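Below you'll find the structure, written out as structure tokens, and then a few comments.
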Amino acid sequence: MVEILDDIRKLYRFAQPCPVLHPFVEFYSETSPEAMQQYVGDAPFTVKMFPSYTPTIWINLGAPYQLRHGNDLQQVDRQTDVLVLRSGIVERCNLPSDNIFTIKFNPGGFEAIFGTSQTTIGHEIVSVTQLIPAPLLRKLKRPADFNTRLQLVEQHLLDQYTRHRTLAHPLSFVRQAIDQFSASGMQLNNQQLASHLHLTEKTFYRYFTDAIGVGPKQFFATLRARNALTAWISQRTSFDHTAFGYYDQSHFYRDVENFTGTRFSNISNKPAAQQP
């Protein structure tokens with residue numbers, strides 16, 4: 001299964017963060033055993049995800065799996081929980097008994113909560129024991145329901161945010177820039193965004209790179225391709241490339257190919273029945 005091109009969300013239960021954490025956490029999710037049985041059955045399967053620069057924690061509640069991040073392939077056993085930046089294509093190779101609890105952060109949200117820039121993650125697959133104490137991880141892995149795990153995780157994140165919230169000032173500029181870029185139809189350039197934030201272009205670039213790990217041009221190209229492809233998948237006949245800052249269709253096709261690593265013709269020929 002491939003993110004965006006297939007409806008991978010149907011395999012999971014989702015929950016939104018509390019209001020305090022909403023600017024920093026995109027969502028929590030957990031594998032739904034009922035959905036797995038319905039859509040996957042008894043065969044091993046893969047989940048492929050495209051770049052997003054959104055730090056993601058995967059707490060393993062089920063079977064071992066393989067995790068490929070770029071050229072790095074790692075075996076993740078039952079006791080191992082990982083953090084990835086998702087700076088490249090990530091692929092999980094799962095057994096049917098796969099069960100994952102996910103914490104997905106917004107860009108920059110990881111630093112606001114833990115006080116450490118997401119740039120320190122880089123292209124690595126990082127052990128979560130650096131972020132979540134072992135006793136809490138053991139509680140999360142005990143037989144319990146989704147809501148119980150949510151309460152435990154949110155309390156930990158709130159405690160961490162309270163400790164590090166004074167470090168979050170530069171991140172507010174990054175969040176504002178992302179919001180303004182999206183609201184502009186994804187057309188504002190670095191100079192325009194810096195001007196809106198009353199920053200020099202050099203300072204804007206430094207804030208952004210220090211927070212996200214890549215320059216704003218690369219990040220916004222990824223964000224635009226992700227959002228545009230998502231819209232195209234759901235509304236092929238009415239899709240308007242100009243709504244995402246593309247001057248012509250060929251520019252959109254090239255961006256999607258760079259984003260997915262797949263020729264656009266292969267995407268467009270995907271049977272409609274497999275679309276979300």
Side-chain angles (χ1 to χ4, degrees), residues 3-4 8-9 12-31 47 49-61 67 69 76 81-90 92 100-133 136-137 140 146 149-179 181-182 207-214 216 218-220 222-223 226-227 230:
E3 180 194 20
I4 302 177
I8 65 173
R9 293 178 65 90
Y12 307 96
R13 295 183 59 189
F14 287 85
Q16 293 299 306
C18 66
V20 173
L21 296 176
H22 190 266
F24 316 115
V25 176
E26 183 177 342
F27 64 74
Y28 310 102
S29 71
E30 184 173 306
T31 307
V47 175
M49 290 156 281
F50 299 121
S52 61
Y53 298 97
T54 52
T56 303
I57 289 175
W58 285 317
I59 297 174
N60 192 4
L61 307 175
L67 181 60
H69 193 306
V76 181
D81 311 294
V82 299
L83 163 71
V84 295
L85 177 57
R86 293 188 56 183
S87 54
I89 292 177
V90 178
R92 282 207 326 257
I100 300 288
F101 183 94
T102 298
I103 310 169
K104 187 180 180 187
F105 297 89
N106 290 319
F110 178 82
E111 180 175 354
I113 292 175
F114 289 107
T116 302
S117 172
Q118 65 183 52
T119 61
T120 60
I121 306 169
H123 298 289
E124 301 299 319
I125 300 172
V126 180
S127 172
V128 170
T129 54
Q130 302 177 33
L131 305 169
I132 302 177
L136 177 54
L137 284 172
L140 294 172
F146 184 40
R149 274 186 275 271
L150 284 177
Q151 293 172 9
L152 291 169
V153 163
E154 283 225 312
Q155 187 57 60
H156 178 65
L157 296 184
L158 285 167
D159 291 344
Q160 293 297 307
Y161 175 61
T162 300
R163 291 179 55 195
H164 300 113
R165 63 190 308 170
T166 57
L167 303 176
H169 176 64
L171 296 175
S172 66
F173 291 111
V174 173
R175 291 196 297 273
Q176 290 177 60
I178 294 172
D179 290 343
F181 179 76
S182 299
Y207 279 173
F208 210 97
T209 305
D210 288 349
I212 304 298
V214 294
Q218 181 175 343
F219 175 82
F220 288 131
T222 298
L223 180 64
R226 169 178 286 278
N227 288 359
T230 301

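Owing to the predicted nature of the structure, the values given are computational and were not obtained by experimental measurement.
- Here OG1 of T54 is found 7.5 Å from CG of L85. Values are rounded to the nearest 0.5 Å.
- F220 approaches A177 most closely through the heavy-atom pair CZ-O, 4.0 Å.
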message: Apply side-chain contact (heavy atoms from CB on, under 4.5 Å) to residues I57 and V153 and explain how you reach the verdict.
response: CA-CA 11 Å; I57 289 175; V153 163; over 6 Å; no
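- Between S87 and H69, the shortest heavy-atom contact is OG-CE1, 3.7 Å.
- Under a cut-off of 6.0 angstrom, the local environment of CD in E124 is sparse, with at most 12 non-hydrogen atoms contributed by other residues, nucleotides or ligands.
- Atom-to-atom distance recorded for L61:CG and L140:CG is 8.0 Å, nearest 0.5 angstrom.
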- request: Using the side-chain contact (heavy atoms from CB on, under 4.5 Å) rule, take F110 and I121 through it: C-alpha gap first, then chi angles, then the decisive distance, then the call.
  value: CA-CA 10 Å; F110 178 82; I121 306 169; 4.2 Å; yes
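- What you find for A211 and S117 is that their closest heavy atoms are O-OG, 4.0 Å.
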query: Is there a side-chain contact (heavy atoms from CB on, under 4.5 Å) between V90 and L67 once you walk through the steps?
result: CA-CA 7 Å; V90 178; L67 181 60; 3.5 Å; yes
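- Remark: the backbone N or O of N60 is paired with a side-chain donor or acceptor of D81 at under 3.5 angstrom.
- Taking the side chain as every heavy atom from C-beta outward, L158 and C18 approach each other to under 4.5 Å.
- To the nearest 0.5 angstrom, S52 atom OG is 11.5 Å from I89 atom CD1.
- Q118 and Y53 form no side-chain donor-acceptor contact under 3.5 Å, judged by distance and modelled atom types alone.
- F105 places none of its side-chain heavy atoms less than 4.5 Å from the side chain of E26.
- For the atom pair CZ (R13) and CZ (F101), the distance works out to 10.5 Å, reported to the nearest 0.5 Å.
- Taking both residues in full, the closest heavy atoms of V25 and P17 are given as O-CG, 3.1 Å, listed atom of the first, atom of the second, then distance.
- Taken from NE2 in H22 to CG in N106, the straight-line distance is 7.5 Å, to the nearest 0.5 Å.
- A pairwise comparison of heavy atoms in P55 and L83 identifies CB-CD1, 4.1 Å as the closest pair.
- At distances below 3.5 Å, not a single donor-acceptor pair connects side-chain atoms of E111 with backbone N or O atoms of L171.
- Judged by a 6.0 Å distance limit and a 45° cone about the ring axis, R9 is positioned over the six-membered ring of F14.
- A parallel orientation is assigned to the rings of F173 and Y207, their planes being inclined by less than 30° (bins at 30° and 60°).
- Looking only at distances, no side-chain donor or acceptor of Q155 sits under 3.5 Å from a matching main-chain atom of Q151.
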message: Under the criterion side-chain contact (heavy atoms from CB on, under 4.5 Å), I'd like the reasoning laid out for Y12 against T31: C-alpha separation, chi angles, the key distance, then a yes or no.
response: CA-CA 4 Å; Y12 307 96; T31 307; 3.6 Å; yes
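- The shortest distance between side-chain heavy atoms of L131 and V126 does not fall below 4.5 Å.
- For R226 (side chain) and F50 (main-chain N/O), a donor-acceptor pair under 3.5 Å exists by modelled atom type.
- Rounded to the nearest 0.5 Å, atoms NZ (K104) and CE (M49) are 9.5 Å apart.
- Cation-pi check for R149 over Y28 is not met; the charged atom does not lie both under 6.0 angstrom from the ring centroid and within 45 degrees of its normal.
- Taking the six-membered ring where tryptophan is involved, the planes of H156 and F114 are tilted, since the angle between them lies from 30° to 60°.
- The main-chain N or O of I100 is never found under 3.5 Å from a side-chain atom of T102 such that the two would form a donor-acceptor pair.
- Taking all atoms of both residues into account, the shortest heavy-atom contact from H164 to I113 is ND1-O, 2.9 Å.
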